[in-house]
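Since we're looking at a predicted model, the values are computed, not measured. By convention in this document, chain letters (A, B, ...) are assigned in the order of the sequence lines, proteins followed by strands, and residues within each chain are numbered from 1.
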There are 2 protein chains.
Amino acid sequence: MAPSIKDVAERAGVSVGTVSNVLNRPDKVSLATREAVLAVIAELGFVRNSQAAQLRAGASRSLGLIVLDLANPFFHDIARGIEDVATELGYALVLCNSDEQAAREERYLRLLEEQRVRGMLITPVEVGSERLDALRRRGTPTVLVDRHDPRIDCCSVAVDDVAGGELAGAHLMASGHRRITYVTGPLALRQCKDRLTGLRRAVADGGADPDEVVDVVEVPALKARIAYEAVRQLFDDGVEPGAVFCANDLLALGVLRAAISTGRRVPDDIALLGYDDIEFAADAAVPLSSIRQPTLHIGRTAAQLLVEECDHPRSHAHQQIMFRPELVVREST
Amino acid sequence: MAPSIKDVAERAGVSVGTVSNVLNRPDKVSLATREAVLAVIAELGFVRNSQAAQLRAGASRSLGLIVLDLANPFFHDIARGIEDVATELGYALVLCNSDEQAAREERYLRLLEEQRVRGMLITPVEVGSERLDALRRRGTPTVLVDRHDPRIDCCSVAVDDVAGGELAGAHLMASGHRRITYVTGPLALRQCKDRLTGLRRAVADGGADPDEVVDVVEVPALKARIAYEAVRQLFDDGVEPGAVFCANDLLALGVLRAAISTGRRVPDDIALLGYDDIEFAADAAVPLSSIRQPTLHIGRTAAQLLVEECDHPRSHAHQQIMFRPELVVREST
DNA sequence: CGAGGTGGCTGAAACGATTCACGCCCCGAG
DNA sequence: CTCGGGGCGTGAATCGTTTCAGCCACCTCG
């Protein structure tokens, strides 16, 4: 089949040990031999079998990443940051998409553990997964991404959603709004709830009563269409929200569509603020103001923490890192 | 370190062969032994080392996929289709993102070959890559995705872009437009060129002169912002395109923004037709008509072809499959 | 009672790369 | 001339799993 190091050795008239040395510590081999071996490698089209190498070495040079949804620009950018750092530091990244299904997550966890990844980055479908815990106990360094789990002791990188909500609230208050509609996905999601908490806190800090200022419209999914329909319904009911803060940009896009399709002007009739600052936000019919999360940075940091733990397991100390989001003002507010 | 099959065997008081049998052909082992072994496996937290298994087996159960840009919904959906089929058929998928950089593609090709993937799915940065060719010659089954290369003999799955352009042209002609602006990325890209070819053909088929009907606006990148600026410029120059066909939805989103921000009505003042039917198309301020490519189906088919070749290399015959796109009419035309 | 079968299990070989203790050769110093 | 040492190479052991020839005990049937 594919030529092995042994075939190369035979053809070049040297021992397998020497071929291995050419590959891994060329300075230990005389120039003449090295060149002869390299010539044979090229001639035979030899490609190292990394499974065998890693089996012998006892540890691979790859990291596993399991995200909830690669189609989501938020996770996509995080993955990108992780990949960049992993590559820089000489690790390969195996990218997996759990699609928010525990069964898929479970399958990937097993797969990655069987492949003996050196470390794992994961946004778990639900915190406290048994399999994940087992993986950690068996000694695979693990970093939680966009999640914290106070019960388990490991590194994590997340974003302060309460602070994001505060940023939003402060911005809308500063623009003079005294009635703010919060369009959100299920409040059972921590992110959605935290952003509301922040929003109310900012309103209170502005000297107003959150209960009077903030109206909540909870929709069952973080999708543009759903928000569009919910807001159309609002309009039909005669409600005219002067300022809308959305739990993510997709919802905001839906609200924008509802406004534009009914002849309302943004930001004149309705101020609109999103969350996440996805790529489409800037290119929407009215460029959206949004709360930006430092996605690339999150990814980079997570990868750095993980590699640090992989490379220096003894001296490593777990860290829980919390990033602060940032307000991006465009034309919708 | 991690317990091996040998540790399990010792603890259970059986031979390693028996443990392996419990894992791989449980019917060959008596109930009592099987249960005893499984109990020890659970107790020790044994996880099979698939590197060793695959080394011994001489072939892995994983496929490699290298796409140009995972952030692009088109590729994302294709990847999804591939992943689904791979999983169904018992293969794992290793997902890589070349980001349209030849160097990254090259690196991933090497990585995947070293990992001995069983087969490869790829949208090459440029057709005729040396390394890819070498990989094929060395015997790794390969399927081209969204590309054809007449010079090399392998399976491929693509979409007929000329047909897509025709669909667009016919639709706009049928709506009574006798002046069509084609907003496109670099015509050096085959897709952009083919879609134009199709558009002109449809115009000719409709009994009109393509040179009179079709205006081309070529912009340097397939990005919303660029299209927005180009169309604003058009407006400033006093040009009023009655119908715009865009080489992809991102461009169309940019055109839509230009129209809305200048008070023009879609579709009344400008009919607008996109390409790809990305998720955002349906939720744009004015839901976009678009040409849909059967992305999931492309992915599924590509994976099926590849697995077929992997599983039956002797009887396999290469196929070049071409899908036809489909017109989706919404509110923008 | 013996031959033949069969179910259940054993143990060693093999996969391909890495590593390391050890040999060989040659040169220079004493 | 001898001894020591450095530079190059060698080849066997090793990683964890799978596979397969073969062994044992027991059963069945003539």
Grab the CG-C1' distance between A:Asn24 and C:dC20 for me, whole Å please. 14 Å
Rounding to an integer number of Å, can you tell me how far A:Lys28 NZ sits from D:dG6 C1'? 11 Å
To the nearest angstrom, the CG-P distance between A:Asp7 and C:dA17 comes to 9 Å
Can you confirm whether more than 12 heavy atoms, excluding those of A:Glu279, are under 6.0 Å from its CD atom? no
How would you label the contact of B:Ala57 with the nucleic acid (heavy atoms, under 4.0 Å): base, sugar-phosphate, or nothing? nothing
Please tell me which of B:Val19 and A:Ala52 maps to the more 5' nucleotide of DNA chain D, matching each residue to the nucleotide holding its nearest heavy atom. A:Ala52
For a quick check of understanding: with a heavy-atom distance under 4.0 Å over all strands, which category does A:Arg34 fall into, base, sugar-phosphate or nothing? nothing
Between P of C:dG16 and CZ of A:Phe46, the distance in whole Å: 10 Å
Check the pair B:Leu63 / B:Val117 against side chain to side chain contact (heavy atoms under 4.5 Å, CB included), numbers first and verdict last. CA-CA 5 Å; B:Leu63 306 177; B:Val117 291; 5.9 Å; no
Need one value for A:Arg116: base, sugar-phosphate or nothing, where a base atom within 4.0 Å counts as base even if backbone is also close, heavy atoms only. nothing
What nucleotide, of C:dT10, C:dG8, D:dT19, holds the atom closest to the side chain of B:Ser20? D:dT19
Would you say A:Thr18 places a side-chain N or O within less than 4.0 Å of OP1 or OP2 belonging to D:dT10? yes
For A:Arg11, does the CZ atom have more than 12 heavy-atom neighbours from other residues, nucleotides or ligands under 6.0 Å away? no
May I have the distance from B:Gln54 (atom CD) to C:dA17 (atom P), rounded to whole angstrom? 15 Å
So for atom CZ, which belongs to B:Arg131, do other residues, nucleotides or ligands contribute more than 12 heavy atoms lying within a distance under 6.0 Å? yes
DNA chain C: B:Ser15 or A:Ser50, which has the more 5' nearest nucleotide? B:Ser15
Determine the contact category for B:Gly17: base if any of its heavy atoms lies under 4.0 Å from a base atom, sugar-phosphate if only primed atoms, P, OP1 or OP2 are that close, otherwise nothing. base
Nearest heavy-atom approach of B:Cys154 to B:Gln320 is O-NE2, 2.6 Å
Please tell me if the side chains of B:Gln304 and B:Glu308 come closer than 4.5 Å, counting only heavy atoms from C-beta onward. no
Closest listed nucleotide, where the reference is the side chain of A:Val16 and the choices are D:dC15, C:dC9, D:dA12: D:dA12
Separation of atom CD1 in A:Ile5 from atom P in D:dA12, rounded to whole Å: 16 Å
May I ask you to verify whether the side chain of B:Arg56 and the base of D:dT17 hold a donor-acceptor pair under 3.5 Å? no
Using whole Å, report how far CG of A:Asn49 lies from C1' of D:dT17. 14 Å
Please tell me if A:Ser30 has a side-chain N or O lying less than 4.0 Å from either OP1 or OP2 of D:dG7. no
Return the value, rounded to whole Å, for the distance between atom NZ of A:Lys6 and atom P of D:dA12. 12 Å
Residue B:Ser4, side-chain heavy atoms: nucleotide from D:dT17, C:dA17, D:dT18 that is nearest: D:dT17
Between the base of C:dA17 and the side chain of A:Arg48, is there any donor-acceptor pair under 3.5 Å? no
